[in-house]
Structures are given as C-alpha cells and as structure tokens.
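Below: the structure, in structure tokens.
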Amino acid sequence: DEGIMPNRAVVISGTLVGMVSEVYLDQSRVTLLSQNFDLPVLVRTESGVEGVIIGNGRSVVMKHIPREIEIAEGERVFTLGQEGIRKNMFVGKIGRVLSEPSSPTKEAIIEQYVSFYDALVVEVW
C-alpha cells in the first residue's frame, strides 16, 4: 500500500545502500550492496572512471576497471543510472585499489560511511 516495489533503491542520508528485494504486506526485505551478487550497479567515479559494483558478502566492490586507468583512493563514486536506480546517487568513496599482475582489469573496495544497521530511517526511491 505504501508504493514500495522490488528493485527500488534504498537510501540512507543520500547514500545508496541497497535494493528492495522482496515486498510483503507489512515489511520488505533489503539486499545491501555488500550482499548484492546478482544485480550489478553501474557506477562512475568523480574523475569519470566507469565500472560496476557488486557485493562480495562483506564489502562493496567496483569491478571491471581497465588496468591502465588510474583511480585514486578517496574518489567519490556515483551511480550511472539504470532501472530502479537514479543517476548520480552517491555510493561511497574508493577505499583500496586491488590489482593482480596477470589480470587485465583491477577492482576497488568502496567505503560507505553510513550503515543500514545503525539507521533509524531509510528512504526508498
């Protein structure tokens, strides 16, 4: 009755933290970005580096960053926009860049400064 539907963005203090995964009569289930294995979210850093974020069960990880592209720790990360997710939603900041010598791409751990578990109120966009 409140208009909450699956695949809608869950936001805390302007930061995307997850997606509504299931809706019931009196509650909804949220899949956090750190838990999101199935629905990649398209993102871009403030310097223009594009990639996707998925969860690994503990962290939000930006993947598919070309090896030759420079990406700096501390850069802010925003959504590119896709179904259910508005463009330019804040996701977090680059915390750590991981690069394997034999891989054509690298990845970065995204730090989020809000916690779903500590929030008193969330918004569904």
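Contact of the Y117 side chain with the L32 side chain is registered, since non-hydrogen atoms from C-beta on lie closer than 4.5 Å. Taking the side chain as every heavy atom from C-beta outward, V30 and F116 approach each other to under 4.5 Å.
Counting only residues at least two apart or on different chains, the salt bridge (Lys or Arg N to Asp or Glu O under 4.0 Å) pairs with a member in residues 12-36 are E22-R29.
For E123, the side chain to side chain donor-acceptor pair (under 3.5 Å) partners at least two apart in sequence or on another chain are W125. Checked against side chain to side chain donor-acceptor pair (under 3.5 Å), Q82 has no partners two or more places apart in sequence or in another chain. For E50, the salt bridge (Lys or Arg N to Asp or Glu O under 4.0 Å) criterion is met by R44, not counting sequence neighbours. Listed by chain and number, the residues in a side chain to side chain donor-acceptor pair (under 3.5 Å) with S28 amount to none (sequence neighbours excluded). In this view, S21 and T31 satisfy the side chain to side chain donor-acceptor pair (under 3.5 Å) rule, not counting sequence neighbours. Partners of E46 by salt bridge (Lys or Arg N to Asp or Glu O under 4.0 Å), not counting sequence neighbours, listed by chain and number: R76.
Considering CD1 of I110 and CD1 of I53, their distance stands at 6.5 Å, rounded to 0.5 Å. The structure places CD1 of I54 at 11.5 Å from OG of S34, a figure rounded to the nearest 0.5 Å.
In terms of modelled atom types and a separation under 3.5 Å, the side chain of E75 and the main chain of A72 share a donor-acceptor contact.
Note on V41 and F78: separate hydrophobic clusters, where clusters join Ile, Leu, Val, Met, Phe, Trp and Tyr whose side-chain heavy atoms are under 4.5 Å apart, directly or indirectly. Follow the hydrophobic side-chain contacts under 4.5 Å out from L33 and you never reach L80; the two are in separate clusters. Grouping the Ile, Leu, Val, Met, Phe, Trp and Tyr side chains by contacts below 4.5 angstrom, directly or via other members, places V114 with V20. No single ILVMFWY cluster, assembled from side-chain heavy atoms under 4.5 Å apart, contains both V52 and L39.
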All N/O donor-acceptor pairs, side-chain side in residues 3-13, below 3.5 Å, sequence neighbours left out:
none

Run the side-chain donor-acceptor check on residues 56-66: report pairs under 3.5 Å with partners two or more places apart or on a different chain.
residue: N56; atom: OD1; partner: R58; partner atom: N; Å: 2.9
residue: N56; atom: OD1; partner: S59; partner atom: N; Å: 2.7
residue: K63; atom: NZ; partner: E107; partner atom: OE1; Å: 2.7

For residues 84-103, run the donor-acceptor check on the side chains, cut-off 3.5 Å, and write out each pair with its distance to 0.1 Å, sequence neighbours left out.
residue: S99; atom: OG; partner: R67; partner atom: NH1; Å: 2.6
residue: S103; atom: OG; partner: T105; partner atom: N; Å: 3.2
residue: S103; atom: OG; partner: T105; partner atom: O; Å: 2.9

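Atom CD of E83 is surrounded by 12 or fewer heavy atoms from other residues, nucleotides or ligands within 6.0 Å.
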